[in-house]
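Owing to the predicted nature of the structure, the values given are computational and were not obtained by experimental measurement.
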Amino acid sequence: MTPLAKRRPTPPRHRSWPWCRLCSGIALDLGSTRTRAWTSGRRTILDVPTVTSPASPGEDATCPIQRGTIVDTPGTARMLDRLLAPRLPRHGRPLLILTTPVLGGVAYRAEARTAVEVLRPRTVLTVPTARAVAMAAEADLARPLLVVDLGAHLTEVTLLVDGAVTDARRTALGTSDLNDRTSPTRITEAVVAMVTGMLDQDHTPHTLHALRRGTLLAGGGALRADLTGPLGEGLRAPVRPVRAPHTAAVRGAAQLLRAAHAHPSSTQASDAPRHRPLHGAL
């Protein structure tokens, strides 16, 4: 009688959200006026003002992020803890994908990563806002692409080539600055000047090809006809607001989060308290 062959152990099945506690995730977009987040297993996007809760009684709430700069890291951490900690599994360590201003630099990413540690992430990945917007728009990243992010306190112009940032400009001017004394023309003229500078300094045809293809618009300003119309006239090229432009960045980060969740390496993360979070960029 021949012995029965030993059955190979069946590998653990990678359960889909929201049932896989080890695979919880957060897509996060920290704006100067609005913070937007998507957590695994949720169908809706959390969209709230970017304000801190007072550190002690008698103190007023403040804005911890100003003009694309984190000016109050502990306050940002308190805000994230209040907004997101109750939405996460009690014993889980989420994978977190964070959008960052293209020209925020190392300082912004360092402060942001310090702030999100309050959520106990097992891994923190950062992605430029422009790339996240392109993902949400399902843009063809094999071709050069211009992305204009018209935010409340900041306007950025970014050139993506093969999905990577090759040039970027920004101005500390946004929709919240528009009033009786400041017209939308200031923003459109600033964007046209930035694109013109990119064209003048680009010794390749990438910027010109991207401009002719059509500029992708995101941010709350992309909802304003008094900005989008004059911008197309000033650039003498088509402009294309992405669907729901004010949430495009966080939706793009959520797409990257789902892709990272499906990657085999994401199943190997430990929930042990001694596990040191990993950091990287997309």
task = For T35 and T50, run side chain to side chain donor-acceptor pair (under 3.5 Å): C-alpha distance rounded to whole Å, both residues' side-chain angles, the deciding distance at 0.1 Å, then the answer.
result = CA-CA 5 Å; T35 288; T50 303; 2.8 Å; yes
Between [X] and [Y], what is the shortest heavy-atom contact and its length?
{"X": "A249", "Y": "T129", "answer": "CB-CG2, 3.8 Å"}
{"X": "A27", "Y": "A254", "answer": "CB-N, 3.5 Å"}
{"X": "A115", "Y": "T76", "answer": "CB-CG2, 3.8 Å"}
{"X": "G68", "Y": "S32", "answer": "N-OG, 3.2 Å"}
{"X": "V124", "Y": "P121", "answer": "CG2-CG, 3.5 Å"}
{"X": "G214", "Y": "L145", "answer": "O-CD1, 4.3 Å"}

Partners meeting side-chain hydrogen bond (donor to acceptor under 3.5 Å, both in side chains) with [X] (sequence neighbours left out):
{"X": "T62", "value": "T52"}
{"X": "D167", "value": "R169"}
{"X": "T207", "value": "D202"}
{"X": "T215", "value": "none"}

request  = List the steps and the verdict of side-chain contact (heavy atoms from CB on, under 4.5 Å) for V147 and L160.
outcome  = CA-CA 8 Å; V147 179; L160 298 175; 4.2 Å; yes
task = Determine whether more than 12 heavy atoms belonging to other residues, nucleotides or ligands lie under 6.0 Å from atom CZ of R213.
result =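 It does: R213 CZ has more than 12 such atoms within range.
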ask   = If you link I, L, V, M, F, W and Y whenever their side-chain heavy atoms are under 4.5 Å apart, who else ends up in the same group as V106?
value = none
query = Mind checking who shares a hydrophobic cluster with V161, ILVMFWY linked at side-chain heavy-atom distances under 4.5 Å?
reply =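 In the cluster with V161 are L146, V148, L150, V157, L159, L173, L178, I187, V191, V192, M194, V195, M198, L199, L208, L211, L217, L227, L231, L235, V239.
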query = Would I70 end up clustered with I26 when hydrophobic side chains under 4.5 Å apart are linked, directly or stepwise?
reply = yes
ask   = Can you hop from L216 to V250 via hydrophobic side chains spaced under 4.5 Å?
value = yes
inquiry  = Treating T188 as the side-chain partner and T185 as the backbone partner, does any N or O pair qualify as donor plus acceptor under 3.5 Å?
reply    =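 Side chain of T188 to backbone of T185: a pair is present.
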ask   = Would you say R131's side chain and V165's backbone share a donor-acceptor pair under 3.5 angstrom?
value = no
Side chains of [X] and [Y] in contact at under 4.5 Å (non-hydrogen atoms):
{"X": "P94", "Y": "L96", "answer": "no"}
{"X": "P49", "Y": "R34", "answer": "yes"}
{"X": "T39", "Y": "S24", "answer": "no"}

task = Sequence neighbours left out, what passes salt bridge (charged side-chain N to carboxylate O under 4.0 Å, His left out) with D226? Give chain and number order.
result =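 Here the qualifying residues are R224.
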Would you be so kind as to tabulate the donor-acceptor pairs closer than 3.5 Å made by side chains of residues 132-144, with sequence neighbours excluded?
{"from": "D140", "atom 1": "OD1", "to": "A142", "atom 2": "N", "distance (Å)": "3.0"}

Where at least one partner belongs to [range], residue pairs that pass side-chain hydrogen bond (donor to acceptor under 3.5 Å, both in side chains), sequence neighbours excluded:
{"range": "residues 148-166", "value": "H153-S176"}
{"range": "residues 99-108", "value": "D29-T99"}
{"range": "residues 229-250", "value": "T247-R251"}

Using a 3.5 Å cut-off and no angle test, enumerate the donor-acceptor pairs between side-chain atoms of residues 80-89 and protein atoms at least two apart in sequence or in another chain.
{"from": "R82", "atom 1": "NH2", "to": "V51", "atom 2": "O", "distance (Å)": "3.3"}
{"from": "R87", "atom 1": "NE", "to": "L83", "atom 2": "O", "distance (Å)": "3.3"}

message = Working to the nearest 0.5 angstrom, can you tell me the gap between R122 CZ and L119 CG?
response =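 Interatomic distance, R122 CZ to L119 CG, rounded to 0.5 Å: 13.5 Å.
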task = Nearest 0.5 Å please: distance from the CZ atom of R67 over to the CG atom of L154.
result = 8.0 Å
